[in-house]
Structures are given as C-alpha cells and as structure tokens.
Colleague: 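Could you have a look at this structure, given as structure tokens, before my questions?
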Protein chains: 2
Amino acid sequence: MSSQPPAPTPAKPPTAQRSDRELRADARRNRERVLRTAQQLFATDGLGVSLDEIARRAGVGPGTVHRHFPTKEALYLAVATDQLKQLVAEAEVLAAADDPAALFTLLSRMMANGAENVAVKSALVAAEFDLRTAAPDVAADLTRHVADLLDRAHAAGTVRDDLTVDEVMALVAGAFAAIRHAGAETSRKRSAHIAQIILDGLRPQPR
Amino acid sequence: MSSQPPAPTPAKPPTAQRSDRELRADARRNRERVLRTAQQLFATDGLGVSLDEIARRAGVGPGTVHRHFPTKEALYLAVATDQLKQLVAEAEVLAAADDPAALFTLLSRMMANGAENVAVKSALVAAEFDLRTAAPDVAADLTRHVADLLDRAHAAGTVRDDLTVDEVMALVAGAFAAIRHAGAETSRKRSAHIAQIILDGLRPQPR
DNA sequence: AGCATAACCGGGGCGCTGCTCCGTATAGTG
DNA sequence: CACTATACGGAGCAGCGCCCCGGTTATGCT
C-alpha cells in the first residue's frame with residue numbers, strides 16, 4: 001500500500017475522464033439499445049417492468065443491463081435525464097425568440113411529449129425515484145426556463161396574475177395524467193384538446 | 001355428486017345472503033380497522049405498501065387481513081368502492097338541487113377529496129387494478145351523475161361547448177396529479193387554487 | 001492475421017412479498 | 001356459568017425481482 005510502484009509512466013495519457021469514446025463499439029450500441037427499450041417499456045407499462053424483461057426485449061443478457069446501469073434507479077434516471085435534456089434544448093430555442101406566447105408553445109410541447117415521457121413526469125413528481133436530487137442541474141434548467149417565460153408572459157399580460165412556477169409545473173404534470181387516461185388509447189386530437197383546456201385556464205380570467 | 005343428501009332442512013332459516021349482521025362484533029371492528037388503515041397507507045405511500053405492513057399498523061395479524069380480503073386487489077377495490085360511494089352520495093344531493101353551478105361544485109369536491117383519495121383516482125384510471133370491471137355499477141353511477149350535471153351546464157351555457165364527459169373525468173384525474181405535487185406538502189390553499197385554474201379552463205372561452 | 005482484453009450471455013443467490021395453515025383465545029348462546 | 005363455533009395471531013411456503021459471477025465470444029490493436 002505504502003510503496004508506490006515505479007509506474008512505467010507509459011505513453012498512455014491520463015485519459016482524463018472516461019468519455020463515451022472509451023466505450024467499445026458494441027458496448028455503446030448495447031447501451032443505447034437498453035436505454036431505448038427501457039424508455040419505451042417505462043412509458044407503456046410503467047415502472048413496474050422488471051429489469052429482466054427489459055433485457056429480454058432489448059436482446060441482451062441481464063448482466064449487460066447491470067453493467068451499464070448498476071441499479072434500476074440508475075437506469076431510470078438515465079432515461080429521465082436523457083428526455084429532459086431534449087426538452088431543455090427546445091426551451092432554449094423558444095427563449096431566444098422574443099414571443100410573448102412562447103410560454104404556451106413550450107407548455108404545449110411538454111404536454112404533448114409528456115404522455116409518453118415518463119421522465120418529465122417524474123422530473124417534477126419524483127414519484128418513485130428522486131430525479132431532482134440525482135440530476136438537479138438539468139431539472140433546475142427546465143424550471144428556470146419556464147420561470148423566465150412565465151415572467152415575460154406576466155409582463156405581457158397573457159397569463160393570469162396569480163400563477164407561480166410551481167403551479168405551472170404541477171399543472172403540466174396533471175396534464176400528463178389527464179392525457180394518459182383519455183388520450184392513450186384514443187386519438188391525439190383529444191389529447192390536444194385536453195391540453196388546450198388546461199392552457200385556457202392559465203389565461204387571465206374575465207372575472 | 002348426483003345424490004343429493006337428505007338435507008336436514010334445519011330450523012336455520014335460509015339466511016338469504018351473509019349480511020354484515022352475520023359478522024361477529026370483533027370481526028366487524030377489525031375489518032373496519034384494516035379498511036381505514038389501508039385507505040390511509042394507500043394514500044400516503046402508494047400501492048407499494050405490503051399487506052404485512054398494513055396488518056402491523058392496523059394492529060392485527062396477516063391472517064386476519066387475508067380472511068376479510070382474500071387478495072390484495074380485493075382490499076384495494078374495497079377501499080376504492082367505499083370512497084366512491086361517498087362521492088356518489090354527494091353527487092345525488094347536488095343533482096337534486098336545481099343549480100346550474102352544481103357541476104363545478106361537484107368537481108371541486110372531487111378534486112379536493114381526490115388528492116388523498118386513491119380510489120377515485122383509479123376509478124377513472126385503473127392504474128394497477130381495474131375498478132370499472134370489478135365494480136362497474138358504482139363507477140358508472142358517478143359518471144352518470146357527472147354527465148347529467150354536464151348536460152345542464154351545457155344548457156345553461158356555463159361550460160364550453162366542446163366538452164365531453166370523458167374529458168371532464170380525465171381532467172379531474174389530472175387535477176389529482178397536479179394537486180398531489182404542489183399540494184401534498186404545502187397548503188390546502190394552493191390545492192384549491194390549482195383546482196380553480198382547471199375549472200376556469202372548463203368555462204366558455206372568450207375566443 | 002493473431003493476441004490481449006473488454007464485453008457479453010445466462011444461471012443462481014438473496015431478500016422480500018403475498019398468501020396459507022393450525023393451535024389458541026374470545027365472543028355469543030342456552 | 002359452561003359450551004360451541006368463530007375469529008385471531010404468527011410461523012411457514014412458494015414465486016419473483018434485483019443483483020453478481022462463471023465461461024465464452026467478439027473487438028480493436030499490432
């Protein structure tokens with residue numbers, strides 16, 4: 001322990017951190033396969049699906065799943081952050097444009113995705129696993145963007161005065177649930193309608 | 001099999017069906033205990049709670065739980081139908097009064113209850129167990145009342161034209177989810193606010 | 001092309017959960 | 001007050017899900 005081996009100090013550079021580059025080709029492909037499969041199964045069958053089932057459907061062995069994602073929570077969080085990043089990217093594009101209706105556009109996108117997007121759902125809810133603890137930066141990014149757009153909408157008077165970011169987030173999560181019921185097995189038209197109803201509730205009310 | 005025993009035809013009357021009267025006093029009390037405990041634990045910790053945990057908290061043995069409710073699904077459905085019946089009762093009272101705003105009153109009640117009311121949630125969603133199959137009459141009763149009040153509201157012009165019963169039910173379920181996030185650990189005031197936002201979305205929109 | 005090695009596959013342990021059985025205690029009845 | 005039947009409690013069983021460990025296969029480098 002105390003004796004440090006000569007350490008050949010090989011030509012190998014420190015390699016810094018294990019980037020994705022370090023992964024072998026097939027490993028990287030299998031990792032992606034598992035991730036995709038998990039995302040789909042989580043969305044359709046809920047979090048109850050067993051890891052073995054995911055492995056089977058992905059065409060890999062259970063051990064492979066465990067190597068890439070040491071625990072079920074890790075796999076779930078990987079799926080969640082992956083989906084969240086896409087949403088944050090969209091938010092940034094919308095934030096760039098100077099459109100007072102940008103908030104509604106973003107929320108529409110979130111609601112549309114959310115139904116098949118377990119990640120976002122739990123990004124706010126933390127139903128089983130706590131994503132905000134595991135990847136606080138990504139979740140916070142999304143909230144920040146929403147807050148920003150909400151402020152602008154407030155200034156423009158396109159939303160009701162009494163409306164906080166937390167409430168908006170909660171309502172988006174609620175929209176997921178609502179759409180899941182009515183829209184999962186029916187048409188997308190109905191999903192859009194439900195989203196519209198909730199968005200209408202955000203507007204300034206005639207009183 | 002083919003030979004029917006003489007059947008002593010005892011003095012015992014047919015007893016018709018085993019009413020609650022047939023239960024012994026302590027049995028009836030324990031059943032109630034389990035039901036209450038299950039309702040509470042389902043609401044706070046979700047459906048993941050083990051039956052042993054419910055039994056322990058209720059102060060009874062696991063065997064007792066199983067005797068009254070042969071399976072976990074049976075216990076859950078008992079809790080659900082119990083809560084649903086209360087809601088149906090409220091609906092009937094509201095239906096009797098001739099108030100065009102009755103729909104909103106009922107929905108408010110549903111949303112307020114729902115957050116701590118796993119039953120209603122799954123009455124519409126059938127998240128894990130299917131309540132509409134197990135107790136179709138009760139669930140249908142509630143839907144019928146809502147549909148009735150919705151019709152009246154349509155006639156009175158207090159709700160938007162494009163609104164179906166299914167959508168209303170879905171939105172109520174969505175409200176549960178929204179309230180659960182924002183309201184579970186915060187104040188009831190916020191819960192009411194979220195419910196109000198959703199209800200405002202149901203009103204005729206200025207267009 | 002050959003070799004060192006990283007990654008794969010699949011079976012098995014470990015813990016937990018839902019469910020069942022049987023001796024014991026207690027409520028209800030004459 | 002004694003007797004019967006009913007309900008209780010806790011130990012035990014089977015099944016499943018998550019996780020780890022062998023031998024084997026495929027990959028990337030020289």
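Order of the sequence lines sets the chain letters (A, B, ...), proteins ahead of strands, with each chain counted from 1. Source: prediction; values computed, not measured.
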Colleague: Counting heavy atoms from C-beta on, name the nucleotide in dC19(D), dA7(C), dC8(D) closest to the side chain of Arg67(A).
Modeller: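 Closest nucleotide among those given: dA7(C).
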Colleague: Nearest whole Å is fine: how far is dC8(D) P from Arg33(B) CZ?
Modeller: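 Taking atom P of dC8(D) as the reference, CZ of Arg33(B) is at 12 Å.
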Colleague: Just to be sure I understand the rule, does Gly48(A) reach a base, reach only the sugar-phosphate, or reach nothing, if contact means heavy atoms closer than 4.0 Å?
Modeller: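 It contacts nothing in the nucleic acid.
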Colleague: Would you mind reading off the distance between Leu47(A) atom CG and dC18(D) atom P, rounded to a whole angstrom?
Modeller: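 My rounded result for the distance is 11 Å.
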Colleague: Which sits closer to the 5' end of DNA chain C, Val49(B) or Asp26(B), going by the nucleotide each is nearest to?
Modeller: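 Closest to the 5' end, via its nearest nucleotide, is Val49(B).
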Colleague: Are the side chains of Thr164(A) and Arg190(B) in touch, meaning some heavy atoms are under 4.5 Å apart?
Modeller: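 Side-chain contact under 4.5 Å: yes.
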Colleague: Between Asp148(B) and Arg144(B), is there a side-chain N and carboxylate O pair less than 4.0 Å apart?
Modeller: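 Judged by the 4.0 Å cut-off on N to carboxylate O distance, Asp148(B) and Arg144(B) do not form a salt bridge.
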Colleague: CZ of Arg28(B) versus P of dC8(D): gap in Å, rounded?
Modeller: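 About 13 Å, once rounded to whole Å.
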Colleague: Regarding Ala55(B), tell me which of base, sugar-phosphate or nothing describes its non-hydrogen contacts under 4.0 Å with the strands shown.
Modeller: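 Nothing: the residue Ala55(B), judged by heavy atoms under 4.0 Å, touches no strand.
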Colleague: His68(B) side chain N/O closer than 4.0 Å to the phosphate oxygens (OP1, OP2) of dC8(D)?
Modeller: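 True: His68(B) side-chain N/O within range (under 4.0 Å) of dC8(D) OP1/OP2.
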Colleague: Search all heavy atoms of Leu150(A) against all heavy atoms of Leu103(A) and return the closest pair with its distance.
Modeller: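 That would be CD1-CD2, 3.9 Å.
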Colleague: Taking for each residue the nucleotide of DNA chain C with the nearest heavy atom, is it Ser50(B) or Asp52(A) whose nucleotide lies nearer the 5' end?
Modeller: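 So the residue in question is Asp52(A).
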Colleague: In whole angstrom, what separates Glu73(A)'s CD from dG17(D)'s C1'?
Modeller: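 For the pair Glu73(A) CD and dG17(D) C1', the rounded distance is 16 Å.
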Colleague: For dA7(D) and Thr64(B) - does any side-chain N or O of the residue sit under 4.0 Å from the phosphate oxygens OP1/OP2?
Modeller: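 False: Thr64(B) side-chain N/O out of range (4.0 Å or more) of dA7(D) OP1/OP2.
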Colleague: Tell me whether the side-chain N or O atoms of Arg24(A) pair up with the base of dA6(C) as donor and acceptor below 3.5 Å, since no angle test is needed here.
Modeller: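 When only heavy-atom distances are counted, Arg24(A) does reach the base of dA6(C) through a donor-acceptor pair under 3.5 Å.
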Colleague: Counting only heavy atoms not in Glu53(B), do more than 12 fall under 6.0 Å of its CD?
Modeller: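 Correct, the count exceeds 12.
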Colleague: Can you tell whether the side chains of Arg29(A) and Glu32(A) come within less than 4.0 Å, N to carboxylate O?
Modeller: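 No salt bridge links Arg29(A) with Glu32(A).
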Colleague: Report the distance from atom CG of Leu23(B) to atom P of dA5(D), rounded to the nearest whole Å.
Modeller: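 It is 18 Å, rounded to the nearest whole Å.
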Colleague: Considering just the side-chain nitrogens and oxygens of Thr71(B), establish if one lies under 4.0 Å of OP1 or OP2 belonging to dG18(C).
Modeller: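 For dG18(C), neither OP1 nor OP2 has a side-chain N or O of Thr71(B) closer than 4.0 Å.
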Colleague: If you find the nucleotide of DNA chain D closest to Val60(B) and the one closest to Pro70(A), which residue's nucleotide is nearer the 5' end?
Modeller: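 Of the two residues, Val60(B) wins.
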Colleague: Could you tell me the separation between the CZ atom of Arg31(B) and the P atom of dC8(D), rounded to a whole number of Å?
Modeller: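 Taking atom P of dC8(D) as the reference, CZ of Arg31(B) is at 11 Å.
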Colleague: OP1 or OP2 of dA7(C) sitting under 4.0 Å from any side-chain N/O of Asn30(A)?
Modeller: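 For dA7(C), OP1/OP2 do not have a side-chain N/O of Asn30(A) under 4.0 Å.
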